[in-house]
Amino acid sequence: MSRPTRLLLRGRDRRSVWRRGVARKTAAALILGGAVYAATSALAPPPPDPGPLVLVAGADVAVGAELTPDTVRAVHVPADLVPRGALTDADSAHGAVTTAPLRAGEILTDLRVAPDGPLEGLDPDLVLAHLPLTRPDLAGVLRPGSRVDVLTTVDGTVLAEDVVVVRQVSPADSDGALGFLVAVTPEDASSLAVAGGRDVPGAGLTVVLRR
């Protein structure tokens, strides 16, 4: 065998040895990396439990307001922060009426929402009475949750004190009266009905806002 041929073969052998060395080192590094990953994965704590899915207010909601898809959203909450009676079914919550003001992010519960109507959750001795107001400027400042005294426009007599406005209802009268449902005692409801009757000349109702 000629000298150039021997030198060529030796060069190829060296490259082969070098390639095998690199391959062994690469394989060893991969094996070591896999072992380290497996070890750290085994020691790492599992991801935290996101908690059950509950309904919360998606915005500030006044008492007596009807819940809609825009004001209700579902979020995961840690189990130890979920109160009793927390609502989880969005379909049943939509259209329900709040019995207390809600802040954005507050969890909805069966005590804060009345699926069966606006009276649920209120004092059982109270009833809902219709309160028509013909002054748009006055009616425009009332919101569900407002507390008012109701007076007759005949002589200013106070008919009901510290009345809670539960919800606004669409005006049904041709004179444009804006109506509200207010929580009052049965006796006060009777007084409001008489004082607001159309058969009494000059009769009407007005309110004074309370703090």
Side-chain angles (χ1 to χ4, degrees), residues 55-72 85 87 92-211:
L55 302 181
V56 302
D60 289 350
V61 184
V63 61
E66 186 174 296
L67 296 177
T68 68
D70 293 331
T71 55
V72 175
L87 303 185
S92 63
H94 295 160
V97 176
T98 59
T99 60
L102 299 173
R103 286 295 187 187
E106 184 174 347
I107 298 175
L108 305 184
T109 68
D110 53 358
L111 294 181
R112 298 284 189 175
V113 176
D116 298 326
L119 266 178
E120 187 176 336
L122 296 178
D123 189 322
D125 294 329
L126 299 180
V127 298
L128 289 184
H130 182 244
L131 175 63
L133 297 175
T134 56
R135 288 181 53 188
D137 55 339
L138 179 59
V141 301
L142 296 185
R143 298 290 184 273
S146 298
R147 308 188 79 93
V148 300
D149 293 340
V150 184
L151 296 74
T152 174
T153 56
V154 174
D155 56 11
T157 299
V158 177
L159 302 175
E161 295 183 339
D162 199 14
V163 170
V164 178
V165 177
V166 175
R167 68 185 305 179
Q168 178 180 320
V169 294
S170 300
D173 302 325
S174 57
D175 59 7
L178 187 62
F180 296 87
L181 294 181
V182 293
V184 294
T185 64
E187 294 77 17
D188 287 344
S190 178
S191 298
L192 296 181
V194 172
R198 293 181 179 278
D199 54 344
V200 180
L205 300 174
T206 187
V207 297
V208 175
L209 288 169
R210 297 176 66 99
R211 291 179 61 86

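This is a predicted model, so every value here is computed, not measured.
Here the options are V182, L131, L192, the test is side-chain contact (heavy atoms from CB on, under 4.5 Å), and the partner is V163; only V182 passes.
Residues L55 and A93 come closest through the heavy atom pair CD1-CB, 3.7 Å. Between A129 and V184, the shortest heavy-atom distance links the atoms CB-CG2, 3.7 Å. Considering every non-hydrogen atom in both L159 and A195, the closest pair reads CD1-CB, 3.3 Å.
At least one donor-acceptor pair under 3.5 Å links the side chain of D60 to the backbone N or O of A104. Within the 3.5 Å criterion, the main-chain N or O of E187 finds no donor-acceptor partner in the side chain of S190.
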Inset, instruction - List the steps, then state whether side-chain contact (heavy atoms from CB on, under 4.5 Å) holds for V208 with V148. - result: CA-CA 5 Å; V208 175; V148 300; over 6 Å; no
Legend entry - Test log, rule side-chain contact (heavy atoms from CB on, under 4.5 Å), inputs L142 and L209: CA-CA 8 Å; L142 296 185; L209 288 169; 3.4 Å; yes
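For the pair V150/V158, no side-chain contact is recorded, criterion being any heavy-atom separation below 4.5 Å from C-beta on. Looking at heavy atoms from C-beta onward, V56 lies out of side-chain contact with L108 at the 4.5 angstrom threshold. The closest side-chain heavy-atom distance from D125 to T185 is not below 4.5 Å.
The CG atom of L133 lies 6.5 Å from the OG1 atom of T206; values are rounded to the nearest 0.5 Å. Distance check: H130 NE2 to L205 CG gives 10.0 Å after rounding to the nearest 0.5 Å. A distance of 8.5 Å separates NE2 of H94 from CG of D70, quoted to the nearest 0.5 Å. In this structure, CD1 on I107 lies 10.0 Å from CG on L87, to the nearest 0.5 angstrom.
Taking the side chain to side chain contact (heavy atoms under 4.5 Å, CB included) definition, one finds that E106 meets it with L102, R103, R112, sequence neighbours left out.
Annotation: salt bridge (charged side-chain N to carboxylate O under 4.0 Å, His left out) contacts involving residues 145-159, sequence neighbours excluded, comprise R147-D162, D149-R210.
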